[in-house]
Amino acid sequence: MDVYGKFVGLAEWKVLIDDWLEKSEAGQQPDAFYNLKPDAREISYDAIFVGGGAAGRFGCAALTARGGRGLVIDKWPFLGGSCPHEACVPHHIFSEAARELDYAREFGGEYWYPEWDSTKASILEIRDMFMNNRNTGHSIMNFQSKEQLGMEFILGSWAKVIDNHTVEVDGVHYRAKNLVLCVGARPTPPDIPGIEKYGVFDWASILDDLDYEPNRCVVIGGGKTALEYGSFIQATGCHTTYLSRSPILGTKGLQHVDDDIREFVVRMLKHRGSTIHEGAEPLAILSEGSLGEDKVTGVKFRDAQGNEHVVDTDFVFLGTGERALSHQFDVLGLELNERGQIVVDKQMRTSVPNVYAAGDLIDGPMEMFKARKAGVCAARVIMGETDYEFDYSDFPDFLHTTYEVAWTGLSEREAREQYENVMVIQMPPKGIAPEDCGLPATDGSMFFAFTRPGLNGIIKSVIDADTRKIVGMHSVGFGNKNSFQYLDVLIKQPGGFTIDQMGEVNELFLNDGFPQLHRLRAGQKQLRDL
Ligand SMILES: Cc1cc2nc3c(=O)[nH]c(=O)nc-3n(C[C@H](O)[C@H](O)[C@H](O)COP(=O)(O)OP(=O)(O)OC[C@H]3O[C@@H](n4cnc5c(N)ncnc54)[C@H](O)[C@@H]3O)c2cc1C
Ligand SMILES: NC(=O)c1ccc[n+]([C@@H]2O[C@H](COP(=O)([O-])OP(=O)(O)OC[C@H]3O[C@@H](n4cnc5c(N)ncnc54)[C@H](OP(=O)(O)O)[C@@H]3O)[C@@H](O)[C@H]2O)c1
């Protein structure tokens with residue numbers, strides 16, 4: 001379907017996307033959406049972006065904004081990729097639901113909360129709420145990209161890379177001076193016997209394939225995906241057992257997680273009723289039923305002491321990571337690392353001339369900031385900013401449980417390894433039982449602070465006492481997460497940011513913790529813990 005030169009409004013995009021997806025699910029091959037200038041087949045684009053997710057869409061927008069001619073191609077009928085379709089957005093909905101449900105359970109029968117009734121909280125219902133509405137977000141992406149950003153695109157058709165200047169779509173060759181590969185990553189099931197059984201889901205298949213209300217859940221993994229989905233599932237009243245090979249939040253890909261933060265997170269997961277096995281190796285997914293129709297009944301695992309156990313369950317959720325889709329481009333002979341990710345330099349250049357890669361296809365954290373900025377970096381370099389580089393080795397980070405967990409900079413342990421005199425500001429203070437302390441009481445934690453002080457959260461700042469510079473900040477609770485985007489910039493700016501400067505910051509919420517607590521120690525000559 002040719003949409004070039006035609007105004008397509010939001011409502012119309014939603015109908016087109018709904019229709020495309022319905023046809024595709026019914027096994028038909030719906031027409032792709034072409035938004036191409038008439039000379040598209042004759043010219044050589046400045047860049048073709050293969051994959052229109054976070055990396056491809058932002059990359060193409062940046063190239064177009066700088067006067068370049070870009071084309072973005074996606075196999076889905078919308079731009080934006082996995083984040084709005086099946087990853088971040090449902091994760092945020094599930095995490096918001098988890099937080100609401102957590103309150104409903106904790107305060108059931110008090111104030112205006114009815115008695116807690118776990119039969120009312122349906123995983124399927126919350127999932128369906130997302131699924132029934134997600135195309136609204138997709139239509140905004142298409143509208144914005146076409147009408148406001150002036151991007152050329154082909155949506156709803158696979159791109160096949162022929163060589164480093166040519167991409168084929170529906171039998172037609174499109175030419176470009178450069179390619180930017182942005183096809184992302186997918187969950188890959190770990191090699192555990194029985195993993196293919198009915199009842200094993202990941203973040204993608206829980207959306208498309210879950211067709212029963214689980215009664216018990218085993219989560220395999222101890223990273224972000226595992227904790228975010230596990231916390232949600234437990235919050236609905238479905239008992240959740242974590243089988244985590246490394247300690248919870250201790251997986252290699254997660255940097256700078258502070259020990260006190262980890263301890264609080266694990267204690268709070270247990271408080272909500274989850275069972276946690278760290279150092280656990282899953283051995284087999286057990287099932288019952290006739291061959292081909294057998295359904296999960298349990299997971300066999302070996303604990304840290306070497307003993308074997310079985311956890312009964314009708315639902316296994318995999319939070320075991322993802323694999324880059326780099327093999328689509330084997331024809332190019334790109335250099336890959338040991339994890340199958342495309343190797344790039346700080347300008348997102350691959351080992352093949354004129355080929356760039358961005359997003360989850362390359363190493364580093366699989367996060368939106370990296371995907372978007374890597375796509376933009378490739379575009380800027382292509383458009384002649386020859387000195388432009390993107391370093392994603394250091395970044396603020398977060399995840400959800402029923403809480404927001406956010407951090408930037410060093411953990412206390414890392415800081416003590418690096419600096420001689422480390423000072424810590426912490427609330428609740430070290431040595432004080434959280435149950436006895438109604439702080440930090442950050443924005444959104446007041447109910448817990450006043451009625452369940454032990455649950456209201458923890459904040460922590462790590463300071464090099466010699467230079468007075470803040471080197472790490474950490475928070476579990478509510479209301480602080482987004483400030484870490486900016487705290488990260490402040491404490492990592494050249495020259496750093498001192499405890500005294502933090503004391504000068506004007507807080508908006510009385511208890512947001514950081515400015516006021518730093519102010520109490522600002523000016524002290526020999527800094528002491530607080
Ligand atoms: C459960 C979950 C929750 C997450 N939550 C967050 C969060 O809260 N915050 C955050 O920062 N990050 C989050 N992430 C990470 C974030 O979703 C990814 O880092 C980001 O989406 C990666 O963007 P990308 O452009 O590299 O890939 P994608 O967005 O996956 O885009 C790749 C695109 O390529 C297309 N494609 C693939 N092959 C072809 C082909 N041959 N031809 C045409 N098109 C093709 C696909 O259709 C897709 O649209 C989460 C991830 C998961 C799994
Ligand atoms: N911003 C967000 O909210 C968000 C949300 C989800 C994902 N993401 C990003 O997406 C990426 C993937 O995250 P993720 O949590 O899915 O994966 P991850 O960080 O790679 O963690 C994978 C977990 O699964 C375990 N695991 C892997 N293979 C296993 C096996 N065969 N048997 C048992 N355990 C196994 C790992 O244990 P070991 O440690 O022992 O290997 C680890 O605990 C990360 O970059 C993450 O930052 C971001």
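All values below come from the heavy atoms of this structure, side chains included, with hydrogens, waters and symmetry mates left out. Ligands are counted one by one from 1 in listed order, and the atoms in each one are counted from 1 as well.
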(request) Check H91 against ligand 1 and report side chain, backbone, both or neither, counting heavy atoms closer than 4.0 Å. (result) side chain

(request) Could you establish whether H92 and ligand 1 come within less than 4.0 Å of each other, counting only heavy atoms on the residue side? (result) yes

(message) Going by the closest heavy atom to atom 24 (O) of ligand 2, which one wins out of G319, G321, A185?
(response) G319

(request) With atom 35 (C) of ligand 1 as the reference point, say which of D74, D202, L207 has the nearest heavy atom. (result) D74

(request) Establish, yes or no, whether the cationic atom of R57 lies under 6.0 Å from the six-membered ring centre of F49 and within 45° of the ring axis. (result) no

(message) Are more than 12 heavy atoms, taken from residues, nucleotides or ligands other than F369, located less than 6.0 Å from that residue's CZ atom?
(response) yes

(message) So, 4.0 Å and heavy atoms of R372: is ligand 1 close enough to count as a contact?
(response) no

(request) Could you tell me which atoms of ligand 2, counted from 1 in the order shown, lie closer than 4.0 angstrom to a heavy atom of T225? (result) 6 (C), 7 (C), 13 (O), 14 (P), 15 (O), 16 (O)

In a table with atom names and distances, give each donor-acceptor pair under 3.5 Å that connects a side chain of residues 184-191 to protein atoms at least two apart or in another chain.
unit_1 : atom_1 : unit_2 : atom_2 : d
R186   : NH1    : E86    : OE2    : 2.4
R186   : NH2    : E86    : OE2    : 3.0

(message) Are F201 and F317 an aromatic pair, judged by ring center distance below 6.0 Å?
(response) no

(message) Using the ring centroid of each side chain, check whether F484 and Y486 are separated by less than 6.0 Å.
(response) no

(request) Any atoms of ligand 2 less than 4.0 Å from a non-hydrogen atom of H91? List them with their elements. (result) 3 (O)

(message) Determine whether a donor-acceptor pair (N or O, by modelled atom type, separation under 3.5 Å) exists between the side chain of S244 and the backbone of E278.
(response) no

(request) Check each heavy atom of E281 against ligand 2 and say whether those closer than 4.0 Å belong to the side chain, the backbone, both or neither. (result) neither

(message) I want to know whether F153 and F33 have ring centres closer than 6.0 Å.
(response) no

(request) Could you name the option among S82, G53, G375, C88 that has the heavy atom nearest to atom 16 (C) of ligand 1? (result) C88

(request) Please say whether K252 places an N or O atom under 3.5 Å from an N or O atom belonging to ligand 2. (result) no

(message) Measuring from atom 27 (C) of ligand 2, which candidate in T251, T320, L243 has the nearest non-hydrogen atom?
(response) T320

(request) Indicate, as side chain, backbone, both or neither, the part of H400 found under 4.0 angstrom from ligand 2 when only non-hydrogen atoms are considered. (result) neither

(request) Determine whether the side chain, the backbone, both or neither of F58 has a heavy atom under 4.0 Å from any heavy atom of ligand 1. (result) neither

(message) As a check for students: among M366, R245, E367, identify the option with a heavy atom nearest to atom 47 (O) of ligand 2.
(response) E367

(request) Would you please determine whether L325 falls within less than 4.0 Å of ligand 1 on a heavy-atom basis? (result) no

(message) With a 4.0 Å cut-off on N to O distance, would you call D46 and K177 a salt bridge?
(response) yes

For residues 218-227, please give each side-chain donor-acceptor pair under 3.5 Å, one per line with the distance, not counting sequence neighbours.
unit_1 : atom_1 : unit_2 : atom_2 : d
K224   : NZ     : E367   : OE2    : 2.5
K224   : NZ     : D397   : OD1    : 2.5
K224   : NZ     : F398   : O      : 3.1

(request) Using a strict 4.0 Å threshold on nitrogen-to-oxygen distance, state whether D260 and K460 make a salt bridge. (result) yes

(message) For R272, is there an ion pair with D102 - N to carboxylate O distance below 4.0 angstrom?
(response) yes

(request) Ignoring hydrogens and angles, tell me if any N or O in the side chain of S411 forms a donor-acceptor pair with the backbone of E414 under 3.5 Å. (result) yes

(message) Regarding atom 27 (O) of ligand 1: of the candidates G184, G52, G359, which has the closest heavy atom?
(response) G184

(request) For G223, counting its heavy atoms only, list the atoms of ligand 2 lying under 4.0 Å from any of them. (result) 15 (O), 43 (O)

(request) Identify, by atom number and element, the atoms of ligand 2 in contact range of P190, meaning under 4.0 Å from any of its heavy atoms. (result) 30 (C), 31 (N)

(message) With the threshold set at under 4.0 angstrom, would you say W203 reaches ligand 2 through any of its heavy atoms?
(response) no

(message) Tell me the contacting part of E228 for ligand 2: side chain, backbone, both, or neither, using a 4.0 Å heavy-atom threshold, strictly below.
(response) side chain

(message) Below the 3.5 angstrom mark, is there an N/O of P365, backbone or side chain, next to an N/O of ligand 2?
(response) no

(message) Please identify which of these residues, T275, V311, I233, meets the side-chain contact (heavy atoms from CB on, under 4.5 Å) condition with H239.
(response) T275

